[in-house]
J.: 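Have a look at this one before I ask anything.
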Amino acid sequence: MTQANRPSNKSVIGQPVDRVDGRAKVTGGARYAAEFPVNNIVHAVFITSMIAKGTIQSIDTQVAEKMLGVLKILTHRNIPKLAQIPKFTPNSTGMSFAPMQGNEIHYSGQPIGIVIAETLEQATDAAQQVQVSYQSQPSIATMHQALDQAYQPNSIMGGGIPGYTKRGNPVQALAEAPVQIKETYTIANNHHNPMEPCAAIAFWEGDQLTLNASTQGVTRTQTNVANMLGIPKASVRVVSPFVGGGFGCKSVDFTHDVFAAIAARSVRRPVKLVVTREQMYTAVGYREEQTLQLNIGATRDGHLTAISHTKTSPTSPFDDWAEPSGKAIEMFYQCPNFEATYKLVRVNTMTPTFMRAPGETPGMYALECAMDELAYKLNIDPIELRLRNHANVDPSTGYSWSSKSLKQCYARGAELFGWSRRNPQPRSMREGRYLVGIGMASATYPVYPPGSTSVRERLFADGRVLVQSGTQDIGTGTYTIATQVAADVLGVPIERVRFELGDTTLPVAPNSGGATTASTVSSGVYTVAQALRRQVLQLAIQDPASPLHNATEGAIAVENGRLFLKDNSARGETYSTLLTRLKRSQVDAIGTWQPGIQGSASQAENPAGRRQNQGEKKYSSHSFGAKFCEVQIDPDLGRLRVTRLLGIQAAGRILNPKTARSQIIGGMIMGVGQALMEDTHIDEHFARYTNANLGEYHIPVQADIPDIQVEFIDEEDPHINVLGVKGVGELAIVGTSAAIANAIYHATGKRIRDLPITPNKLL
Ligand code: MOS
């Protein structure tokens, strides 16, 4: 970051501003996908398969079709076929398969029909009356039923990395290592349960489709829906101003949105299709169950010499999916020898998909538990062991870090959590009759290369500012941080800025995935606001009637909507006075922040882009952090409470500590769920999820969550993007489950390597 680009001390950037959309959210003014009022709307529901593998023999809709309110029933026999079957690609479609294109069944819960009726109740009722007979074939429910069929893919989806990677000579180094840890860690199936399920309202006006969807990428959904329908992209408008959580299940497209569009076209009415909570388990992908084998070799003083990681996990009949658990293991510690192997087993499920920090979450769970085991084996303090293996450059690439403040995270975390008061001996600390344990783990998440981001900004003659970009706010705070950035550059109070997003009619911005939204949107908004500011300054400078006539741009400041000379603040005028006198109703700027492209409009504001172009030194860029956890466990009942949680993060510039803190809290709660509760059960005979609801698929509730402490380490990163923002949404969860598992070991002396750690495992 150049000096000129650094927000001033007075900047609203970096302030804990309340969510600008907060009032709308708590008063119901914020409209989610299924809540748009649309005249003449009808309702669609999915009929889903009762079997996991086989074919539909017959499907009898006669009774259902005659039921009150029923308009149409679509099945594979009469549904218009998709023009293009989706093919899995990251940030695009989530599965290389579309239901209802034929009579074959590949997973239980697969949509096999759509009932469209005047009311939701009528549609739901009629769906029950559709008679389906199947030709069932033997299915595979879990990878454990077919481990002998495990294969190593050429590359894994979800990471786009090879099925095997290595550096050095891990086999030999491991064999020669004087100290070895060889353990297997497991994670249960975790399913997506965003508060807002997937939902769409689709309506056609002639050949023009409007889709109110719940998506982490309006442009992506527009493209995929258009491709699947075989119509021009310009014929599809996707609107998604509020998203009730995405976490990855809305960062790729599955087929519910396109089926809503097809249903609407077939009845020539607007259609609302809300995926039920139960159907969420089979409408979008999930975090796959996985076995994470980790073999670590070290010297007696705790220096890592070899890491060998093998992940075994289930995938669908269609895709070679695995979340890349080895990626974080490969780059986190200084270690000359490394290998990662992925093994997949085809089972009858959907293709698993991205879920918060896909890859880093399981990888750091296994690695940070193994490091805790190594610390005990060597009698070295767990934090000291981590410091001994701290990677000063990225061992996976050899590149320097663009910035790294991990040591500060450890130090500050230890201080805040009272690490020095921890008796390292397992089962040594008590609170009354409860065993007390304290554990920690590291966290990291990559800073992905930003996508180009277009923004339009408009200053009105009354001094208000409208900022527009086709990005998304998936609950993270995009509205708020973009407002802060524009207000800062343009020198207006945040109340005067209105930010609009979530609509394909707005300038195009990237998908909201991989913790990239804060960095791309802040870069785009900043860049275009600079251009708008310069335009307005020039209007004043060139106007003989302005008190700023003939001043230089650099001599002018803007505060509270007023332009004035820095060294003579009495000489100035407001935006309103200037524009009104010039009879300008507005001044517009539209532009694109394009990282790394020479000659782009944004070049002047983009030191990162210039640096990349000059082929200078390459950097590896990650956010880092540490999680600390305290548990209390009833030794007789196995009842466990998380009593304290702390997350310390270093993630570049924090645009808004309040919304960022909220991200970290949410991620850590999700980590508590993974560590202690979340586990989708499968009936092994029917290959069907048996707890596909929030009553039996346990997630943390208020009473499960202690006071959570969150801190950010100040960190400037001059290499990544305009404001040096790394993003925090995915980092938030990483390390939480390891910190909890390590605290449980410290409390009980029992090493449970199998998530979730439910009370029965503690007895
Ligand atoms: Mo994130 S798992 O890329 O939404």
Side-chain angles (χ1 to χ4, degrees), residues 88-95 156-161 187 189-198 213-221 224 240 242-254 280 284-288 290 313 321-325 327-328 350-365 443-451 471-478 502 509-521 622-623 651 660 662-664 666-671 673-674 678 725-737:
F88 175 93
T89 37
N91 288 336
S92 190
T93 47
M95 178 163 69
I156 54 160
M157 295 165 169
I161 57 170
I187 298 178
N189 282 317
N190 291 174
H191 269 81
H192 276 288
N193 277 291
M195 211 185 293
E196 182 203 22
C198 295
S214 183
T215 174
Q216 292 174 238
V218 287
T219 301
R220 184 204 76 234
T221 296
N224 288 327
S240 190
F242 291 94
V243 179
F247 311 108
C249 75
K250 299 170 185 172
S251 77
V252 283
D253 283 299
F254 293 92
M280 277 298 285
V284 297
Y286 60 107
R287 185 180 330 258
E288 67 272 21
Q290 48 201 292
S313 59
W321 166 279
E323 57 172 324
S325 51
K327 265 175 70 189
M350 297 183 73
T351 301
T353 203
F354 304 98
M355 186 184 276
R356 208 165 196 168
E360 287 72 19
T361 296
M364 291 302 280
Y365 159 62
T444 188
Y445 193 78
V447 178
Y448 283 114
T471 179
Q472 300 71 222
D473 189 330
I474 58 175
T476 44
T478 316
N511 214 31
S512 288
T516 54
T517 305
S519 62
T520 54
V521 173
H622 279 247
S623 54
S662 168
Q663 282 294 290
I664 303 297
M668 290 178 77
I669 293 172
M670 215 163 155
Q674 178 180 58
E678 294 189 44
V725 175
K726 289 183 174 176
V728 299
E730 315 253 4
L731 179 71
I733 188 175
V734 182
T736 310
S737 47

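Worth knowing before you read on, the calculation uses all heavy atoms, side chains too, and leaves out hydrogens, waters and symmetry mates. The structure presented is a predicted model; accordingly, all values stated were derived computationally and were not measured. Whatever order the structure lists them in is the order used to number ligands and atoms, beginning at 1.
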J.: Taking only heavy atoms of the protein into account, state which residues are under 4.0 angstrom from an atom of ligand 1, in chain and number order.
T.: Gln216, Phe247, Gly248, Phe354, Met355, Arg356, Pro358, Gly513, Gly514, Glu730

J.: Is the backbone N or O of Val218 less than 3.5 Å from a side-chain atom of Thr221, with the two atoms forming a donor-acceptor pair by type?
T.: no

J.: Applying ring-ring contact (aromatic ring centres under 6.0 Å, His included), can you list everything that pairs with His192, at least two apart in sequence or on another chain?
T.: none

J.: Taking the side chain as every heavy atom from C-beta outward, state whether Asn224 and Ser92 have any pair of such atoms under 4.5 Å apart.
T.: yes

J.: Just to verify, what does Phe354 make a ring-ring contact (aromatic ring centres under 6.0 Å, His included) with, not counting sequence neighbours?
T.: Trp321

J.: For the pair Arg220 (side chain) and Asn511 (backbone), establish whether a donor and an acceptor sit closer than 3.5 Å, ignoring hydrogens and angles.
T.: no

J.: Go through the structure and list residues passing side-chain hydrogen bond (donor to acceptor under 3.5 Å, both in side chains) with Asn190, not counting sequence neighbours.
T.: Gln674

